[in-house]
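The next block holds one structure in the form of structure tokens; read it before the comments.
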Amino acid sequence: MVNTNLITFEATMKKIILATAATMLLSSTANAATLFYQGGFSNDLYSFDTDTATETLVGDLGLGADSLGMAFGLGSVLYAFERASQSLYTIDTVTAASTLVGNAGIGAEDFTISGDGTVGYATADNNLYSIDLGTGASTLIGATSTTLDGLTTAQSSVTINGTMYAAGSVFGADGSNLFSVDVGTGALTLLGSTGVTSEALSFDANGELFSHGNDGFLYTIDLATLNGTQIGSTASNLVFGLAAQQDLAGAVPEPATWAFMIFGFGAIGGAMRRQRKANVKVSYA
């Protein structure tokens, strides 16, 4: 006798296995980052693939050769601050075309955006300012007491959500020092030396901290140990701004993910076998 309940159960389990595999494959991919920056004393915007360590020229920004500070806001919009015009711009990451947002009235030394993507921050003359992303207008927050480079804020999707970090001045003895920055007052807390004289910093959405050193190399910085690891070099020894954007294309599951998937499939298979045994009927002639 054909047990239709068993057939239905097995068909359902197969669908669950396929759906689970697809879901886990998509949700647990290893994320690569694409970095954007301006070549030092040029108008050129570059991108850098952290998986392949490949630098690509995007195009001419049409901004001053000493623009400082880049960061991504809501909707993956790239913003850049031009020091010469004291203005905030949005940048097209495909063409490098810049569009004026508004004047801030400060010659910013660096720029970042809050973890939730809604507020800009800039440093100028040893002070921290908030920047309105809609108008470019600046508001003084407080003194940082030293010149900073590489201002960056952790993304909202990581556990260090909202914490702002900065490197000491590339022109000073403390250029390799990493600080946390109080976004309410501008006060700094010294975390220690990374061994990398950073001129630009940026977090990606996974909490990976990237740095560009004045030696022309890109690094990742381990926040637990503050150690820097080289990931590649740039055409220019000096870059202005560093903004990390996630790139999920071509990613593959990590080993731990595969192990979890295999365990889950085994558990489902075991349940199917137990159900089959429970539905076996013995008949006698």
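Sequential numbering from 1 along the given sequence is applied to the chain's residues.
- To the nearest 0.5 Å, the span separating CG on Asp215 from CG on Leu238 amounts to 11.5 Å.
- By the 4.5 Å heavy-atom criterion applied to side chains, Tyr129 and Ile106 are counted as neighbours.
- Side-chain contact between Leu88 and Tyr79 is present, with heavy atoms from C-beta onward closer than 4.5 Å.
- For the atom pair CD1 of Ile221 and OG1 of Thr194, the computed distance is 4.5 Å after rounding to the nearest 0.5 Å.
- In summary, of the residues considered (Phe111, Phe210, Phe203, Tyr121), a side chain to side chain contact (heavy atoms under 4.5 Å, CB included) with Thr152 occurs for Phe203 alone.
- Annotation: the span from Thr139 atom OG1 to Asp132 atom CG amounts to 8.0 Å, rounded to 0.5 Å.
- Hydrophobic clustering, with ILVMFWY side chains joined whenever heavy atoms are under 4.5 angstrom apart, keeps Val77 apart from Phe72.
- When all heavy atoms of Gly40 and Ser236 are compared, the closest pair comes out as N-OG, 3.4 Å.
- Heavy-atom minimum distance, Ser211 versus Val196: OG-CG1, 3.8 Å.
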Could you pull out every donor-acceptor pair under 3.5 Å between side chains of residues 224-231 and any protein atom, sequence neighbours left out?
{"residue": "Thr225", "atom": "OG1", "partner": "Asn227", "partner atom": "N", "Å": "3.2"}
{"residue": "Thr225", "atom": "OG1", "partner": "Asn227", "partner atom": "ND2", "Å": "3.2"}
{"residue": "Gln230", "atom": "NE2", "partner": "Tyr219", "partner atom": "OH", "Å": "3.4"}

Practice prompt. Apply side-chain hydrogen bond (donor to acceptor under 3.5 Å, both in side chains) to Tyr37 and Glu199, showing your working.
Written response: CA-CA 11 Å; Tyr37 47 85; Glu199 58 191 20; over 6 Å; no
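- With a 4.5 Å cut-off on side-chain heavy atoms, Leu190 and Asn177 count as touching.
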Worksheet entry | ring pair (Phe, Tyr, Trp, His ring centres under 6.0 Å) between Tyr89 and Phe81, worked out | CA-CA 6 Å; Tyr89 292 80; Phe81 200 104; 8.7 Å; no
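- Side-chain atoms of Thr153 never come within 3.5 Å of backbone atoms of Met164 as a donor-acceptor pair (strictly under, hydrogens ignored).
- Panel note: side chain Ser47, backbone Phe36; no donor-acceptor pair is recorded below 3.5 Å.
- Between Leu242 and Leu218 the shortest side-chain heavy-atom distance falls below 4.5 Å.
- Judged purely by atom type and a 3.5 angstrom limit, Ser138 has no side-chain atom pairing as donor or acceptor with the backbone of Ile131.
- Using a distance-only test at 3.5 Å, with no hydrogens or angles considered, a donor-acceptor pair links the side chain of Asn103 to the main chain of Ser85.
- Within the 3.5 Å criterion, the main-chain N or O of Glu208 finds a donor-acceptor partner in the side chain of Asp204.
- Taking the six-membered ring where the residue is Trp, the centroids of Phe240 and Phe41 are separated by under 6.0 Å.
- Atom CG of residue Leu209 and atom OG of residue Ser202 lie 8.0 Å apart, to the nearest 0.5 angstrom.
- Proximity of a side-chain donor or acceptor of Ser98 to a complementary backbone N or O of Leu61 within less than 3.5 Å is detected.
- Grouping the Ile, Leu, Val, Met, Phe, Trp and Tyr side chains by contacts below 4.5 angstrom, directly or via other members, places Leu63 apart from Val101.
- Between the Glu82 side chain and the Gln86 main chain, no donor and acceptor come within less than 3.5 Å of each other.
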Discussion item. side-chain contact (heavy atoms from CB on, under 4.5 Å), that's the test. Do Leu45 and Ile91 meet it? Break it down for me.
Written reply: CA-CA 9 Å; Leu45 178 70; Ile91 305 297; 3.8 Å; yes
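- Using a 4.5 Å cut-off between side-chain heavy atoms of Ile, Leu, Val, Met, Phe, Trp and Tyr, with links allowed through other members, Leu148 and Ile141 fall into the same hydrophobic cluster.
- The only member of Leu133, Thr99, Leu100 that meets side chain to side chain contact (heavy atoms under 4.5 Å, CB included) when paired with Thr90 is Thr99.
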Item to complete: Let me see the working for Asp49 and Glu55 under side-chain contact (heavy atoms from CB on, under 4.5 Å), right down to the final yes or no.
Response: CA-CA 7 Å; Asp49 187 313; Glu55 182 182 65; over 6 Å; no
Worksheet entry | Audit row: Ser176, Ser193, side-chain hydrogen bond (donor to acceptor under 3.5 Å, both in side chains) steps and yes/no | CA-CA 5 Å; Ser176 65; Ser193 175; 2.9 Å; yes
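- The two residues Ala166 and Leu151 have their closest heavy-atom pair at CB-CD1, 3.8 Å.
- Using a distance-only test at 3.5 Å, with no hydrogens or angles considered, a donor-acceptor pair links the side chain of Asp116 to the main chain of Thr118.
- Atom CG of Leu128 is separated from atom CG of Leu140 by 8.5 Å, given to the nearest 0.5 angstrom.
- The CG atom of Asp60 sits 5.0 Å away from atom CG of Asn43, with the distance rounded to the nearest 0.5 Å.
- In terms of modelled atom types and a separation under 3.5 Å, the side chain of Gln38 and the main chain of Val239 share no donor-acceptor contact.
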Item to complete: Kindly determine whether His212 and Ser198 satisfy side-chain hydrogen bond (donor to acceptor under 3.5 Å, both in side chains), including the steps that lead there.
Response: CA-CA 6 Å; His212 188 275; Ser198 299; over 6 Å; no
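- With contacts defined as side-chain heavy-atom distances shorter than 4.5 Å, the pair Tyr165/Leu223 qualifies.
- Considering all non-hydrogen atoms of both residues, Gly232 and Phe48 come closest at CA-CZ, 4.0 Å.
- For Thr135 (side chain) and Gly102 (main-chain N/O), no donor-acceptor pair under 3.5 Å exists by modelled atom type.
- Counting only heavy atoms from C-beta outward, the side chains of Thr112 and Leu201 never approach each other to under 4.5 Å.
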